[in-house]
Amino acid sequence: MSTEPEQPGGAGDGPAATGPELARAVLDAARARRESAARNRRPGVTGAADGGGRRLRGYSGPGPDPRDPQPLGVVLERLMKARGWQQPAAEATVFGAWEKVVGPEIAQHSRPVKLEDGELTVEARSTAWATQLRLLAASLLKRIAGEVGHNVVRKLHIHGPAAPSWSRGPRRVRGRGPRDTYG
């Protein structure tokens, strides 16, 4: 075997090119291949440098085509999947379609308040309904999972109607708090 590099011309009919001459020869050969491919190409087809693939012109024909109109639901579903919005959309369904999710009778006497880390807080219209919903918690979880998907709601917190409490909660301030400043 020869240790000398072969010329891009291929025949090896002269001394082997090195350094800048070799680079120029390789560049010229690549340019010639590209130009010959461009001459042989059909007019309706674009190369990879122009954006890749075929340029679609005219009518789409009898078969399905990506340019055909798409139903809005299909387009939205594809967008939600591409952006990773399935979980937030399922969580929004719990609030937006509460009556459909749990049924009209339960929805009439309760409402979802907060969904955080898979734990849904539901407020009942009365303490009697809160007790009834606590007894139905397992079947409610199955209904919710069947309607919006599994692992969207993993636990239910059900409470009755209550006035807002300022002594507990995320916005509580320790100490005396604001007092009458008129003196």
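Since we're looking at a predicted model, the values are computed, not measured. The analysis underlying the following values was restricted to heavy atoms, covering all of them including side chains, and did not include hydrogens, waters or symmetry mates.
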Undergrad: Please check if the number of heavy atoms outside Glu77 that lie under 6.0 Å from its CD is greater than 12.
TA: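 Counting neighbours around CD of Glu77, 12 or fewer heavy atoms of other residues, nucleotides or ligands fall under 6.0 Å, so no.
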Undergrad: Check each of Gln132, Arg134, Glu123 against Ile158 using the side-chain contact (heavy atoms from CB on, under 4.5 Å) test, and report the only one that passes.
TA: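 For Ile158, the side-chain contact (heavy atoms from CB on, under 4.5 Å) check succeeds only for Arg134.
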Undergrad: Nearest heavy-atom pair of Gln86 and Lys81: which atoms, and what distance?
TA: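 Closest approach of Gln86 to Lys81: NE2-CA, 3.1 Å.
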Undergrad: To the nearest 0.5 Å, what is the distance between CG on Leu76 and CH2 on Trp85?
TA: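 Result: 9.5 Å between the selected atoms.
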Undergrad: Heavy-atom count around His150 NE2 within 6.0 Å, excluding the residue itself: above 12?
TA: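 Not buried by this count: 12 neighbours or fewer within 6.0 Å.
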Undergrad: Given side chains that start at C-beta, do those of Leu133 and Leu140 come closer than 4.5 Å, heavy atoms only?
TA: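 Contact flag for Leu133/Leu140 side chains = yes.
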Undergrad: Using atom types as modelled and distance alone, determine if a side-chain donor or acceptor of Asp68 lies under 3.5 Å from a backbone N or O of Asp65.
TA: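 Checking the backbone N and O of Asp65 against the side chain of Asp68, a donor-acceptor pair under 3.5 Å is found.
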Undergrad: List the atom of Ile106, the atom of Ser110, and the distance in Å for their closest heavy-atom pair.
TA: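 Taking Ile106 first and Ser110 second, the nearest heavy atoms are O-OG, 2.7 Å.
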Undergrad: Using a 4.5 Å cut-off on heavy atoms from C-beta on, say whether the side chain of Leu120 contacts that of His157.
TA: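 No; the side chains remain at least 4.5 Å from each other.
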Undergrad: For Val75 versus Gln70, what's the shortest heavy-atom pair and its separation?
TA: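 Answer, listing the atom of Val75 first, then Gln70: CG2-CB, 3.6 Å.
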Undergrad: Please report the closest heavy-atom contact between Pro161 and Thr127, naming both atoms and the distance.
TA: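 So the minimum-distance heavy-atom pair works out to CD-N, 4.0 Å.
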Undergrad: Mind checking the NZ-OG1 spacing from Lys100 to Thr93? Nearest 0.5 Å is all I need.
TA: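 These two atoms lie 8.5 Å from each other.
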Undergrad: Any idea which heavy atoms bring Gly160 and Ala130 closest together, and the distance?
TA: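 Here Gly160 and Ala130 meet closest at N-CB, 3.8 Å.
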Undergrad: Is it possible for you to say whether Trp98 and Val113 belong to one hydrophobic cluster, with membership spreading through side-chain heavy-atom contacts below 4.5 Å?
TA: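 Each belongs to a different hydrophobic cluster.
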Undergrad: Side chain to side chain contact (heavy atoms under 4.5 Å, CB included) for Arg111 and Val122? Distances and angles first, verdict last.
TA: CA-CA 6 Å; Arg111 67 182 184 95; Val122 177; over 6 Å; no
Undergrad: From Arg34 CZ over to Arg39 CZ, what is the distance, rounded to the nearest 0.5 angstrom?
TA: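 Answer rounded to 0.5 Å: 11.5 Å.
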Undergrad: Looking at Arg143 and Val101, what are the two nearest heavy atoms and their distance?
TA: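 Answer, listing the atom of Arg143 first, then Val101: CB-O, 3.8 Å.
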Undergrad: Measuring from atom CG of Leu156 to atom CD1 of Ile144, what distance do you get when rounded to the nearest 0.5 angstrom?
TA: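 Result: 5.0 Å between the selected atoms.
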Undergrad: Considering only NZ, NE, NH1 and NH2 on the basic side and carboxylate oxygens on the acidic side, decide whether Arg154 and Glu119 come within less than 4.0 Å.
TA: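 Salt bridge between Arg154 and Glu119, a charged N being under 4.0 Å from a carboxylate O: no.
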Undergrad: Say you draw a straight line from CZ of Arg31 to OG of Ser36; how long is it, rounded to the nearest 0.5 Å?
TA: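 Here the rounded value is 13.5 Å.
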Undergrad: So how far is it from Leu141 CG to Leu136 CG, rounded to the nearest 0.5 Å?
TA: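 CG of Leu136 is found 11.0 Å from CG of Leu141.
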